[in-house]
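Atoms within each ligand, like the ligands themselves, are counted from 1 in listed order. Hydrogens, waters and symmetry mates are skipped; everything else that's a heavy atom, side chains included, is used.
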Amino acid sequence: MGIYAMTGGATGIGAEIKNQLRARGDTVIVADIKDADVIADLSTREGRQAAVAGILERAPEGLDGFVACAGVGPFVDPPVVARINYFGAVEVTEGLRAALERRRGAVVVISSNSAPMSPDPEYVDLLLAGDEAGACARVTGQNGQVAYSGSKAAVARWVRRNAPAWAASGVRINAVAPGLIKTPLSMGATSDPRFADAMKNFEATIPIGRAGQPADIAAPVLFLLGPAASFVCGSMIFIDGGHDASFRPDQF
Ligand SMILES: NC(=O)c1ccc[n+]([C@@H]2O[C@H](COP(=O)([O-])OP(=O)(O)OC[C@H]3O[C@@H](n4cnc5c(N)ncnc54)[C@H](O)[C@@H]3O)[C@@H](O)[C@H]2O)c1
């Protein structure tokens with residue numbers, strides 16, 4: 001049985017991943033702001049360090065895999081989106097590298113199919129440069145979608161940039177890009193009268209004819225963590241009912 005760690009296992013997609021791993025007998029160490037083995041607020045550097053320390057303490061033998069799933073949506077204060085979605089994912093993943101190397105583990109980072117629509121390349125560059133203050137300043141007062149899609153573009157590019165070197169030390173890194181999935185994050189918008197109609201219209205354009213469920217993401221994540229994906233490395237897999245293909249048919 002494997003030993004896995006993840007962030008964002010309390011609700012939504014992360015809870016489904018956690019439940020599926022535990023159901024097949026794996027150990028899963030969850031770091032989250034609530035309902036977790038390690039309570040940590042990933043919006044702060046101290047919280048990220050606490051998440052790494054808490055996970056390492058519980059997995060002295062190393063890790064078979066890690067899922068960076070914690071995230072907040074575009075209706076949260078933009079700098080907080082940058083802090084949790086980018087720095088919360090990247091700093092915790094980096095902090096677990098040695099533990100992952102020990103067991104030749106695999107990493108899956110949860111990006112989004114909004115990543116290719118990120119409109120502010122300078123913000124993405126600041127994130128990738130590790131300039132937290134600069135990135136937060138850049139999105140302060142901006143539309144939340146700018147902060148959100150940019151954070152997801154940056155984590156996807158971080159995966160692409162780092163996958164070769166990590167692979168050379170035995171760790172595969174991949175990303176998944178969910179589309180609209182029914183979770184507390186998206187339901188916050190669909191149940192808000194200000195956004196309900198727009199969300200309904202958006203959902204109606206998903207080629208496959210429905211929004212996704214957490215299990216639609218958990219299954220491919222478990223595949224990417226496991227031996228059947230041993231040659232999959234540095235990939236960004238869109239899991240969105242065909243939405244990205246309909247938006248950008250000629251770009252991949
Ligand atoms: N639901 C969607 O439509 C959708 C689409 C694309 C990508 N995603 C991504 O999927 C991931 C999971 O989101 P979800 O839809 O399951 O939403 P969710 O709100 O159910 O889950 C988010 C998780 O992150 C945790 N979290 C939030 N802030 C935190 C903080 N400061 N510190 C530590 N943990 C924190 C939450 O407690 C929760 O467990 C996110 O990264 C999200 O951006 C979701």
Side-chain angles (χ1 to χ4, degrees), residues 5-20 28-52 54-55 66-93 108-118 132 144-145 147-156 158-159 175-191 195 198-199 202-203 206 210-218 220-221 236-241 243-244 247:
M6 65 182 302
T7 63
T11 63
I13 294 167
E16 181 66 22
I17 294 167
K18 171 188 72 180
N19 291 340
Q20 289 200 13
V28 186
I29 304 158
V30 176
D32 199 300
I33 201 161
K34 62 186 183 212
D35 298 338
D37 305 293
V38 182
I39 298 292
D41 177 358
L42 301 178
S43 70
T44 68
R45 178 152 292 164
E46 298 71 39
R48 295 163 209 148
Q49 287 168 349
V52 170
I55 291 168
F66 173 65
V67 183
C69 186
V72 289
F75 303 107
V76 171
D77 187 30
V80 177
V81 174
R83 291 183 195 284
I84 298 172
N85 291 10
Y86 181 78
F87 294 101
V90 165
E91 286 183 10
V92 177
T93 306
V108 180
V109 177
I110 311 295
S111 174
S112 162
N113 76 343
S114 68
M117 294 174 249
S118 165
E132 186 165 353
Q145 277 296 350
Y148 183 78
S149 60
S151 72
K152 296 300 184 178
V155 289
W158 182 88
V159 165
V176 299
L180 179 60
I181 310 296
K182 300 272 187 188
T183 68
L185 186 153
S186 61
M187 301 298 272
T190 45
S191 58
F195 311 115
M199 292 298 290
F202 184 67
E203 185 173 335
I206 299 172
R210 66 171 176 87
Q213 296 293 335
D216 291 313
I217 307 302
V221 167
M236 163 93 151
I237 301 182
F238 286 82
I239 309 166
D240 66 352
H243 233 169
D244 182 66
F247 298 142

- Query: Between atom CD1 of Ile110 and atom CE of Met6, what is the distance when rounded to the nearest 0.5 Å?
  - Reply: 7.5 Å
- Message: For atom 17 (O) of ligand 1, what is the closest protein heavy atom, and at what distance to 0.1 Å?
- Response: Leu185 CB, 3.1 Å
- Query: Does ligand 1 have an atom that lies less than 4.0 angstrom from a heavy atom of Ala68?
  - Reply: no
- Message: Tell me whether ligand 1 is touched by Lys182 - counting only heavy atoms on the residue side and a distance under 4.0 Å.
- Response: no
- Minimum-distance pair of heavy atoms, taken over all atoms of Arg48 and Leu42: NE-O, 2.9 Å
- Item | Asp41 neighbourhood, listing ligand 1 atoms whose heavy-atom distance to it stays under 4.0 Å | 30 (C), 31 (N), 32 (N)
- Task: Using a 4.0 Å heavy-atom cut-off, say whether Lys34 meets ligand 1 through its side chain, its backbone, both or neither.
- Result: side chain
- Task: Quick one: pull up CD in Glu16 and OG1 in Thr183 and give me the separation to the nearest 0.5 Å.
- Result: 12.0 Å
- Task: Using a 4.0 Å heavy-atom threshold (strictly under), name the region of Ile84 that reaches ligand 1: side chain, backbone, both or neither.
- Result: side chain
- Item | Heavy-atom check, side chain of Val72 versus side chain of Leu185, under 4.5 Å | no
- Message: Using heavy-atom distances only, which candidate in Asp32, Ile181, Ile239, Val80 approaches atom 26 (N) of ligand 1 most closely?
- Response: Asp32
- Which of the ligand 1 atoms, numbered from 1, are nearer than 4.0 Å to a heavy atom of Val72: 27 (C), 28 (N)
- Message: So if I count the atoms of ligand 1 from 1 in the order they appear, which ones are less than 4.0 Å from some heavy atom of Ala40?
- Response: 32 (N), 33 (C)
- Query: Which residue holds the protein heavy atom closest to atom 4 (C) of ligand 1, what is that atom called, and what is the gap in Å?
  - Reply: Gly179 O, 3.8 Å
- A student checking ligand 1 against Leu180 at a 4.0 Å heavy-atom cut-off should list atoms 3 (O)
- What about Asn85: any of its N or O atoms under 3.5 Å from an N or O on ligand 1? no
- Candidate with minimal heavy-atom separation from atom 9 (C) of ligand 1, of Thr183, Thr7, Ile110: Ile110
- Item | Side-chain donor or acceptor of Asp32 paired with backbone N/O of Ala36 under 3.5 Å | no
- Thr7 side chain vs Ala70 backbone, donor-acceptor pair below 3.5 Å: yes
- When you measure from atom 8 (N) of ligand 1 to every protein heavy atom, which one gives the shortest distance, and what is it? Tyr148 OH, 3.5 Å
- Query: From Ser114 OG over to Asp244 CG, what is the distance, rounded to the nearest 0.5 angstrom?
  - Reply: 10.0 Å
- Message: For atom 22 (C) of ligand 1, tell me which residue out of Gly8, Gly71, Gly12 has the closest non-hydrogen atom.
- Response: Gly71
- If you measure from atom 6 (C) of ligand 1 to every heavy atom of Gly212, Pro178, Cys69, Ala115, which option wins on shortest distance? Pro178
- Message: Given 3.5 Å as the limit, does a donor-acceptor pair link the side chain of Ser151 with the main chain of Ala82, or not?
- Response: no
- Can you find an N or O of Thr11 that's nearer than 3.5 Å to an N or O of ligand 1? yes
- Please work out which of Val30, Leu42, Val176 has its closest non-hydrogen atom nearest to atom 30 (C) of ligand 1. Leu42
- Partner residues of Phe238 under the ring pair (Phe, Tyr, Trp, His ring centres under 6.0 Å) criterion, sequence neighbours left out: none
- Give the numbers and elements of all ligand 1 atoms closer than 4.0 Å to a heavy atom of Ser112. 6 (C), 7 (C)
- Task: Quick one: sort the Phe202 and His243 rings into parallel, tilted or perpendicular, breaks at 30° and 60°.
- Result: tilted
- Message: If we set the cut-off at 4.0 Å for heavy atoms, which region of Ile13 has an atom near ligand 1: side chain, backbone, both, or neither?
- Response: both
- What are the atoms of ligand 1, with element, lying closer than 4.0 Å to any heavy atom of Ala10? 39 (O)
- Could you state the interatomic distance from CG (Leu180) to CD1 (Ile206), rounded to the nearest 0.5 Å? 4.5 Å
- Does Val30 offer a backbone N or O that forms a donor-acceptor pair with the side chain of Asp37 under 3.5 Å? yes
- Task: Could you tell me whether Ala177 approaches ligand 1 through its side chain, its backbone, both or neither, with non-hydrogen atoms closer than 4.0 Å?
- Result: neither
- For ligand 1, indicate whether the residue Ser111 contacts it via side chain, backbone, both or neither (heavy-atom separation under 4.0 Å). backbone
- Item | Pair Asp216 + Arg210, salt bridge at N-O below 4.0 Å | yes
- Query: Are the side chain of Ser118 and the backbone of Ala115 linked by a donor-acceptor contact shorter than 3.5 Å?
  - Reply: no
